[in-house]
Each structure stands twice: as structure tokens, then as C-alpha cells.
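Contents: one structure, followed by commentary.
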Amino acid sequence: MADVIRDRLASDQYLCRLVPALGISLGRLIAICRAHGIRYSNGWPTDAQIRAAVHAVTVEGLTVRAAAKRAGMSRSAVHRYVTARRRSVVARSGAFQPLSVSAYRCPRHGLVTHSPCVACESLAARGEIAA
Ligand SMILES: [Zn+2]
């Protein structure tokens, strides 16, 4: 069965498309692939893929989309690993409190990713608006 799956995957990279042709469940197909080390699109990424994708985003500055394409992973998977990596760095950084937060909408400046809004802080420091 593993050889049949390998042959089929050579022409069609998505495992789910083999389900109707082979007549076995997707879960069973995934189990066979894992047992025989068969790689397929959107499967579990290898450690090397994860390292490459996280490095591409955090060190090289690639977008998640570009890193995902290069590492052969989904964008959401790359985003998940990059976020986990950033959280682990922050968790190990002691008293440091990161300024980055989830994007929120400043009433004056729109979508911003630092809290408090850097532009508002600057204007307040110059005395142009009330803090
Ligand atoms: Zn603002």
C-alpha cells in the first residue's frame, strides 16, 4: 500500500485526493504515510522545515507567506511556529516587557501594533495633545 501511495503522490501531491481512488479513510492514509515516512503536502512538517521557516521569518525577515512557500509548509503552520518561538523568547527574557501587542485601533492613528500608540506618545511629549 505504501508504494501505491508513493506512486500516486508523485502525480498528485494532496493526500486527501487519494481517498476516493484508494477507498480508504484519510486517517488511515495519514497513518500509513507516517509509518513509512512518506511526505505529502500539508502533512506534519519536519524539524528541518520548521527551523528553516522560523529562521527565514525571524532572522532573514521574510514574510510568513514567503517562508511558508520556501519551506513547503502552510502559512498558518509557519505563523504558529513563529508565534511560539517569539513567545518562548519573551518568556525567557526576564523582566523585559514587550511593547508589541495584537494590532488595535488608535482613535487618532488607526491600526497600530505598539501600546501605547507611539504617535500619540510623541505628540503628547511635544505638548500637542493631552496625554
Ligand atoms: Zn495614536
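For ligands, and for the atoms within them, numbers begin at 1 and follow the listed sequence. For reference, positions follow the sequence shown, starting with 1. Both backbone and side-chain heavy atoms feed into the values below; hydrogens, waters and symmetry mates do not. Every value quoted in this text rests on a predicted model; they were computed, and no experiment measured them.
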Atom CD1 of Ile38 and atom CE of Met1: how far apart are they, to the nearest 0.5 Å?
-> 10.5 Å
Heavy-atom distance under 4.5 Å between the side chains of Ile5 and His36, does that happen here?
-> no
Can you tell me if CZ on Arg6 sees more than 12 non-hydrogen neighbours from other groups inside 6.0 Å?
-> yes
Excluding water, the protein N, O or S atoms sitting under 2.8 Å from the Zn ion (ligand 1) are Cys106 SG, His109 ND1, Cys117 SG, Cys120 SG
With distance as the sole test, does Arg39 use its side chain to make a donor-acceptor pair with the main-chain N or O of Trp44 at under 3.5 Å?
-> yes
Ile32 and Ile24, any side-chain heavy atoms less than 4.5 Å apart = yes
Name the atoms and distances for all side-chain donor-acceptor pairs under 3.5 Å in residues 60-73, with sequence neighbours left out.
from, atom 1, to, atom 2, distance (Å)
Glu60, OE1, Arg70, NH1, 3.4
Glu60, OE1, Arg70, NH2, 3.0
Glu60, OE2, His55, ND1, 3.2
Glu60, OE2, Arg70, NH2, 3.1
Thr63, OG1, Ala66, N, 3.0

